[in-house]
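Report on one structure; see the data block that follows.
Heads up: numbering here begins at 1 and tracks the sequence. Whatever order the structure lists them in is the order used to number ligands and atoms, beginning at 1.
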Amino acid sequence: MFLLREAERCLANQKTYASLNAFITPLKQAGPWLDRVRDAEARRGTPKSAVDGKLVAVKDNICTRDMPTTCASRILDTFTSPYNASVVEYLEEAGAIVAGKTNLDEFGMGSHSTNSHFGAVRNTSGPGGDAISPGGSSGGSAVAVSTGQCHAALGTDTGGSVRLPAAYTGTVGFKPSYGLVSRWGVVAYANSLDTVGVIGSKISKIRHVFKIINRPDARDPTTLSPHTRARIASKVSHSRSQTPLRIGIPLEYNIHELTPCVQAAWSSSLLYLQSLGHTIHTVSLPRTKQALSAYYILAPAEASSNLAKYDGVRYGTRDTNAADNNAGGYLYASTRGTGFGDEVQRRILLGAFTLSAHAIDNYFIQAQRVRRLVQADFDSVFRLENPLLPPQQPSSKKEQTQVSKKDSGVDVLLCPTAPGPPPTLESLEAASSVEMYMNDVFTVPASLAGLPALSVPVPVGTEGGEEGTVGMQVIGQFGDDELVLGVGEMIEGMRG
Ligand code: GLN
């Protein structure tokens, strides 16, 4: 009765922690899902997969046939998708059960899960039980995991939305390399950055879910083909004979906003890895400073284009109170004006401006250039060559740099996930948009480069003497997802 007991425990926790608002659509007390847990229980000797009969929560911007998909927006408050997203389909085929749809920042836009039409997600794990930020935008998924309301959860990470919530809730959050996991049925925010990620209490659970969703999908042409996957795997395995690992510390991440507890966690995790025999090396990623600005040009630009379809005619809940319900102009404006929240409207305006004829050269095009430079920065520090780049021409000079990179390049980077601990929800009320965007400074570079990145909790003593955790981020070369998870597992060892 193991699976049934686990499912009942999750269900009970969903009730106990209902006030945290982690779910927009929680599980129903009884339903066909219970029979599916019983079926999985019956085949426990020969399970379909490691998640057979387990409850996996799904962020509410990932389509599900049996539950609504709202993206935490008023404009989709009555929407139920006629199909499952590929990732949901894969998980269900493997026997997993959707544990409910989790709350988020509207359409994934935000860093604290406060921009939701259904109310903010609450995180009470801070000292004194004050409501603190659960991180965003996958804050509902992270709180669902941290309070035992599900076995593991799916989130989406465009600029840090899986890693930041993991860091703020003491859970593990993994954003795989871009293109490994299908986005078919995932409501688009910024297509070139959106990545489905996994949140869990331990890396082993993340591995189980990732193994099922990490596959090509003919319905999403941006997923990597089997041929490309095989090529990447052979390049990665070639370089993996070297131990100990070379761990890089990016100098530019040592900013003055880093709080002492984050600094302490960074040092202690580096010392710990060193004690395991790995070596530490400082590296420079000079374009890090520009990455945040570039992200906040590119993501809103893609968003403004993606969200143009919600007009109340073909997509989205129509504003039936519009002054002139028959004349297209009013209908369209008032549907979008009342259907989208403030932050989404801000991003649409920003994106429409940066794409406009007189601004595109100075904003969008420049930001694309910065994005390429950020990618080049990462490529210049990793020992493993980016497997997506065309094979190097054999010229003696290039061979020399390759040889020297084999000796001086690093295998992974280790840096904090966020500059400080989670702010209180109260302090966020007075925060400006730009202050909120600043929280993503350490997560967006890996997003711009499409690299695998993981946030893993590291224990620290807090001011009150209590044990807390700070999220540390492991970033790897494109396709080196296994190594990133492996280093995360080593760091998990710090918690005993
Ligand atoms: N906080 C970032 C933003 O608002 C990242 C969000 C995300 O990764 N979905 O765009």
Original post:
Are F107 and Y310 an aromatic pair by the rule of ring centers under 6.0 Å?
Top reply: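 Here the rings of Y310 and F107 have centres that are less than 6.0 Å from each other.
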Subject >> Distance flag, aromatic centroids of F382 and F478, threshold under 6.0 Å >> reply: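 No - the distance between ring centres of F478 and F382 does not fall below the 6.0 Å cut-off.
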For [X], the ligand 1 atoms whose distance to one of its heavy atoms is below 4.0 Å:
X	result
G110	1 (N), 2 (C), 3 (C), 4 (O), 6 (C)
D440	1 (N), 2 (C)
Y295	2 (C), 3 (C), 5 (C), 6 (C), 10 (O)
Y189	3 (C), 4 (O), 9 (N), 10 (O)
Y296	1 (N), 2 (C), 3 (C), 4 (O), 10 (O)
M109	4 (O)
G108	6 (C), 7 (C), 9 (N)

If only atom types and distance count, is the side chain of [X] paired as donor or acceptor with the main-chain N or O of [Y] below 3.5 Å?
X	Y	result
E489	I203	no
N21	V121	no
N214	F210	no
E492	V456	no
K175	A453	no

Original post:
Out of curiosity, F174 CZ to I206 CD1, how far, rounded to the nearest 0.5 Å?
Top reply: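 Nearest 0.5 Å value for the CZ-CD1 distance: 8.0 Å.
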**OP:** Flag T156 as yes when one of its N or O atoms lies below 3.5 Å from any N or O atom of ligand 1, and as no otherwise.
**Re:**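 No, there is no polar N/O contact under 3.5 Å.
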Original post:
Under 3.5 Å between some N or O of ligand 1 and some N or O of D157?
Top reply: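 There is no such contact.
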Original post:
Which is it for E343 and ligand 1 at heavy atoms under 4.0 Å: side chain, backbone, both or neither?
Top reply: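 It is neither part, as no heavy atom is under 4.0 Å.
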Original post:
At under 4.0 Å between heavy atoms, which part of S137 makes contact with ligand 1: side chain, backbone, both or neither?
Top reply: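 It is the side chain that touches ligand 1; the backbone stays farther off.
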Original post:
Can you find a non-hydrogen atom of G160 under 4.0 Å from ligand 1?
Top reply: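 In this structure, G160 qualifies as a contact of ligand 1 - some heavy atom is under 4.0 Å.
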Original post:
Looking only at heavy atoms of Y437, does any of them come nearer than 4.0 Å to an atom of ligand 1?
Top reply: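 The answer is no, since Y437 has no heavy atom less than 4.0 Å from ligand 1.
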Original post:
Is the shortest side-chain N to carboxylate O distance from E89 to R65 below 4.0 Å?
Top reply: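 No, E89 and R65 are not salt-bridged.
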Subject >> Nearest non-hydrogen protein atom, atom 7 (C) of ligand 1 >> reply: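 Result: S161 OG, 2.3 Å.
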